[in-house]
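These notes are about the structure you will find just below.
On a predicted model such as this, the values are computed, not experimentally measured, just so you know. Counting convention: from 1, in listed order, for ligands and their atoms alike. Note that the numbering runs from 1 along the sequence shown for the chain.
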Amino acid sequence: MKIQILGTAAAEGFPGLFCNCKHCKKARELGGKNIRTRSSTIIDDSIKIDFPPDSYHHVLTHNLDLSKIEHLLFTHTHMDHFNPKDLGMRTPGFAHDFSYPLHIYGNDAAIYKSKEVLWHTDQYFTFTLMHPFTTYQVGTAKVTPLPADHNPLETCLLFYIEKDGNRIFHGHDTGWFPEQTWEWLSTKKIDVAILDCTHGQLPERRNHLNIEAVKDIQNVFLEKGIMTNKSQMIATHFSHNIGLMHEDLEEIFASSGIKVAYDGIVLHV
Ligand SMILES: [Zn+2]
Ligand SMILES: [Zn+2]
Ligand SMILES: [Zn+2]
C-alpha cells in the first residue's frame, strides 16, 4: 500500500500566505522541506482525503494523475481541507478520458456545501453522508469515521481505514481525542497513524494537538497494543507559529521514532 501526503501545513501554509514573521522568512530562505502547503493525503492513487486550495499546485509539483481518484473523503470544511468548487473541473468540457463518477464522503456540512457548488450531480458525483462509528465501503477499503476534537460547529471526522490487510488512522484535524473515539480505538490495530501536530511546542492540546500530545498518543497506542513497534506514526499539519523548521522537528521526534511529514512524502506499508 502506498500513502502520499501532499500538504503538511496548517491553514496559512508555511511560509504563511501573507505572513512576514521571522519563521516564515526563514522557511522562505531555507526552502526544501520547510515549504509546506495545505492538507491532503492519497492512498493507493485512488482514495483522496481532503481537497485543499493547493490541489492544483500538488498536481503540478508531484506529477499527480488525479483522474485516477475515485473516492474523496472530507474530514471537515475548514478551507485548508475543503475547496469543492475546483471539483467542477472534473466534468465534461473541463476534463476528458477517465471514468465517472467521483464518490464524495463527508459530514453534513461537507456534503451540503459540496452539493451547493457541484450542480452536475448524479452522473458525475455521488454523495455519501458519513455518521461516526458507521463503517462504509469505499472502493476496496472499509472506512470508519470517528469524532475529532476540532470545530464544535460541525462533526469533524477522523478516519480508520482498512485496506488490503492494512490499517491506517488519519488523525487530523483534532485535539486530544474525545472519550468515545478512544473507546472505539481501544480494540483496534493501527499500522500507520497520521497525527495533527499544529501546536508544536506550544502548550495547547485541544482543537489541535502539540508535540507532547502526539507522543502521549503514541504511548497510549503502544500500551494498549493498538500499535506495535512495527507501526509507523507520522506527525503533520504544522502551524508557522511554532517556529520549527523541518530539521528541528526531526530532532525533537527522533528518539520516539515518529516521522515528520513533508510535502510529497510517500510511505509504503
Ligand atoms: Zn487544517
Ligand atoms: Zn509566519
Ligand atoms: Zn480544521
Next item on the list: Please confirm whether His103 and His71 have ring centers closer than 6.0 angstrom.
Entry: yes
Check: Under 6.0 Å between the ring centres of Phe169 and Tyr160?
Finding: no
Checklist line | Name of the His78 atom (N/O/S only) found closest to the Zn ion (ligand 3) | finding: ND1
Check: Hey, which N, O or S atom on His240 ends up closest to the Zn ion (ligand 2)?
Finding: ND1
Check: Near the Zn ion (ligand 1), is there an N/O/S atom from His76 that is less than 2.8 Å away?
Finding: no
Margin query: Between Gln4 and Thr41, do the side chains contain a donor N or O and an acceptor N or O under 3.5 Å apart?
Written below: no
Notebook entry, point to check: Would His237 count as a contact for the Zn ion (ligand 1), in the sense that one of its N, O or S atoms lies under 2.8 Å from it?
Noted result: yes
Notebook entry, point to check: Given atoms SG of Cys21 and SG of Cys24, what angle do they subtend at the Zn ion (ligand 2), to the nearest 10 degrees?
Noted result: 110°
Next item on the list: Considering just N/O/S atoms, say which atom of Asp173 is closest to the Zn ion (ligand 1).
Entry: OD2
Check: At their closest point, which heavy atom of Arg90 faces which heavy atom of Ala95, and how far apart are they?
Finding: CA-CB, 4.3 Å
Margin query: Any N/O/S atom from Cys19 (main chain or side chain) under 2.8 Å of the Zn ion (ligand 2)?
Written below: yes
Margin query: Tell me whether the Zn ion (ligand 3) has His150 as a neighbour, meaning an N, O or S atom of it below 2.8 Å.
Written below: yes
Margin query: I'd like to know: is the Zn ion (ligand 1) within the 2.8 Å range of an N/O/S atom from Asp196, strictly under that distance?
Written below: no
Checklist line | Heavy-atom side-chain contact between Lys163 and Ile47 under 4.5 Å | finding: yes
Notebook entry, point to check: Between Trp176 and Asp149, which heavy-atom pair has the shortest distance, and what is it?
Noted result: O-CB, 3.3 Å
Margin query: I'd like to know if the Zn ion (ligand 3) has an N/O/S atom from His208 within less than 2.8 Å of it, counting both backbone and side-chain atoms.
Written below: no
Margin query: Using every non-hydrogen atom in the two residues, find where His240 and His23 come nearest and quote the distance to one decimal.
Written below: O-CD2, 3.5 Å
Notebook entry, point to check: How about Ile3 and Ile194: do any of their side-chain heavy atoms sit closer than 4.5 Å?
Noted result: yes
Notebook entry, point to check: Can you tell me if Asp80 has an N, O or S atom under 2.8 Å away from the Zn ion (ligand 3)?
Noted result: no
